[in-house]
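Here is how names work: the chains are called A, B, and so on, in the same order as the sequence lines, proteins then strands, and each is numbered from 1.
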Protein chains: 2
Amino acid sequence: MKDFTSPISVKRIAEPTVRRLSLYLRFLEDFEKAGRATISSGELAHVGHTTSAQVRKDLSFFGSFGKRGLGYDTGALTAQIRRILGLDRTWKVVIVGAGKIGSALAQHRGFRERGFDVVGIFDVDPHRVGYMLDGVSISDVKGLEAIVRRLEAEIAVLAVPPEVAQGIATRLSKAGVHAILDFSTEPLKVPADVTVRSMNLAMEMEILSFALANR
Amino acid sequence: MKDFTSPISVKRIAEPTVRRLSLYLRFLEDFEKAGRATISSGELAHVGHTTSAQVRKDLSFFGSFGKRGLGYDTGALTAQIRRILGLDRTWKVVIVGAGKIGSALAQHRGFRERGFDVVGIFDVDPHRVGYMLDGVSISDVKGLEAIVRRLEAEIAVLAVPPEVAQGIATRLSKAGVHAILDFSTEPLKVPADVTVRSMNLAMEMEILSFALANR
DNA sequence: TCCTGTGAAATTCTTCACAGCC
DNA sequence: GGCTGTGAAGAATTTCACAGGA
């Protein structure tokens with residue numbers, strides 16, 4: 001990501017900032033539903049377990065959205081954050097692996113509701129291929145590259161056994177996917193222009209274990 | 001966590017450090033399986049996408065486990081990290097919510113294999129109560145507190161709709177649970193002696209969306 | 001007066017660099 | 001010669017504190 005290409009992000013944005021923006025967005029949506037017209041950095045901070053200065057600093061990387069003495073317009077700030085996060089459009093998502101986790105995800109409401117459109121599902125198991133999950137039929141993973149290219153999928157969710165995750169990730173990268181959400185346990189090696197996030201259940205459980213063992 | 005109570009952790013340990021220890025452990029297990037007797041900080045760093053200095057610093061918070069000029073004994077370091085993370089014992093886990101995600105988790109191999117023993121599963125739906133999931137029968141969530149206390153469960157996995165997550169988290173805290181893995185989207189308010197980690201699918205997808213929108 | 005936006009200070013985390021031991 | 005352990009330096013992130021506009 002070059003620093004000077006985008007009119008929005010002038011300098012590199014830290015991951016914790018993006019993470020908090022996602023939280024703020026959720027709160028803003030709640031506030032909007034509750035009919036609140038404006039909101040202060042202090043109120044956002046309160047629900048997000050952070051400080052008002054942090055909220056203002058986070059937002060300041062992207063512009064000046066508030067009014068001194070007043071706070072932020074709830075609707076306008078919501079729209080701004082949605083735009084910043086790239087949520088002012090839909091993204092095409094494929095799910096690889098139609099096992100327990102993969103199929104739970106495929107049927108997950110929140111996905112489509114939040115602009116992530118599941119356009120393809122893949123599995124190796126011939127017994128699963130051809131079945132429908134929430135309106136999308138399961139394809140043989142053999143056809144991964146061709147189908148991903150044809151669908152122009154941008155994001156892939158990886159819910160496959162850890163020993164095949166790396167191989168699939170490489171194939172996805174070559175097929176033009178630039179973002180991967182990985183549910184396996186080992187870190188993936190991917191080209192520099194591919195972003196990987198992992199949902200590592202084992203790691204989270206171990207962090208909890210550490211907290212319990214050392215309290 | 002008091003600084004002076006434990007013989008292991010002399011100063012407060014940063015979360016990124018714990019996170020990396022969990023990664024190192026996974027690599028060490030791979031190295032052990034591959035029959036490697038020793039391993040250097042550089043090798044661990046390489047697979048973990050970090051630096052050798054970082055690996056040594058992380059370990060140095062807990063002791064001196066290596067031999068200069070040689071590296072670390074694979075088996076010994078594995079054992080040390082397991083002990084540091086509290087994985088030299090089993091933890092009793094309850095799963096609340098036997099929907100798609102909850103039941104996928106209940107049947108998840110890796111859980112028991114890594115010392116997290118699922119001793120209870122709860123749901124509100126009377127149609128689900130009484131059914132077995134991987135050897136554990138689903139209990140009515142009404143009996144949550146009593147059963148959690150009786151089982152002496154230490155960790156809870158929350159896979160319930162977001163609007164009830166806070167209520168369940170409060171009940172779990174009162175029933176003696178000190179660690180919660182939350183799959184819902186809103187941050188939970190819990191007493192200071194309860195650790196919460198969240199697996200927030202929406203947030204991870206939004207971070208990917210941000211990366212795509214700003215690359 | 002209230003609350004934002006932001007440089008400056010403080011804190012936290014990572015990297016450097018080297019003495020010390022195998 | 002190779003690799004650890006660790007203070008010190010450097011970088012990144014958070015918090016402070018206050019000027020300034022509604």
Is any side-chain N or O of B:S41 closer than 4.0 Å to OP1 or OP2 of D:dT4?
-> yes
Separation of C:dG5 atom P from A:D58 atom CG, nearest Å, is 12 Å
Take the protein atom CZ of A:R12 and the nucleotide atom C1' of D:dT13, then report the distance between them rounded to whole Å.
-> 11 Å
Take atom CD in B:E152; do more than 12 heavy atoms of anything else shown fall under 6.0 Å from it?
-> no
d(CZ, A:F62; P, C:dG5) in whole Å | 14 Å
Rounded off to whole Å, could you give me the CZ-to-C1' distance for the A:R19 and D:dT13 pair?
-> 14 Å
Starting at atom CD of A:E15, determine the distance to atom P of D:dT13, rounded to an integer number of angstrom.
-> 10 Å
By nearest nucleotide on DNA chain D, pick out whichever of A:P16 and A:K67 is the more 5' one.
-> A:P16
In whole angstroms, the gap separating P of D:dC3 from CG of B:L44 amounts to 13 Å
B:L59 CG to D:dG5 P: how many Å, rounded?
-> 7 Å
Using only heavy-atom distances, determine whether the side chains of B:R82 and B:T78 contain a donor-acceptor pair under 3.5 Å.
-> no
Interface polar pairs with nucleotides 15-17 of chain C, N/O, under 3.5 angstrom:
| unit_1 | atom_1 | unit_2 | atom_2 | d |
| --- | --- | --- | --- | --- |
| C:dA17 | N6 | B:R56 | NH2 | 3.3 |

Are A:D134 and A:R112 close enough for a salt bridge, meaning some N to O gap below 4.0 Å?
-> yes
Counting only non-hydrogen atoms, which of residues 68-76 of chain B are less than 4.0 Å from DNA chain D?
-> B:R68, B:G69, B:L70, B:G71, B:Y72
Between A:L212 and B:E154, which heavy-atom pair has the shortest distance, and what is it?
-> CD1-O, 4.1 Å
Axial bend angle, the helix from C:dT1-D:dA22 to C:dC22-D:dG1: five-pair end segments, nearest 10° = 10°
Nearest listed nucleotide, side chain of B:A14, among D:dC3, C:dT4, C:dC13 = C:dC13
Side-chain N or O of B:S40 closer than 4.0 Å to phosphate OP1/OP2 of D:dC3 = no
Carboxylate-amine/guanidinium contact A:E29 A:K33, below 4.0 Å = no
What closest approach, in Å, do A:I207 and B:V18 show between heavy atoms, and which atom pair accounts for it?
-> CG1-CG1, 4.0 Å
Separation between CG (B:D117) and CH2 (B:W91), nearest 0.5 Å, reads 13.0 Å
Salt-bridged, A:R114 to B:E206, with N to O below 4.0 Å?
-> yes
Give the minimum heavy-atom separation between B:F111 and A:M205, together with the two atoms involved.
-> CE2-CE, 3.4 Å
Check the distance between C:dC3's P and A:L77's CG and give it to me in whole angstrom.
-> 16 Å
B:R83/B:D88 salt bridge by N-O under 4.0 Å criterion = no
Are B:E145 and B:R171 close enough for a salt bridge, meaning some N to O gap below 4.0 Å?
-> yes
Over all heavy atoms of both residues, which pair between B:R36 and B:T74 is shortest? Give the atoms and the distance, please.
-> O-OG1, 2.8 Å
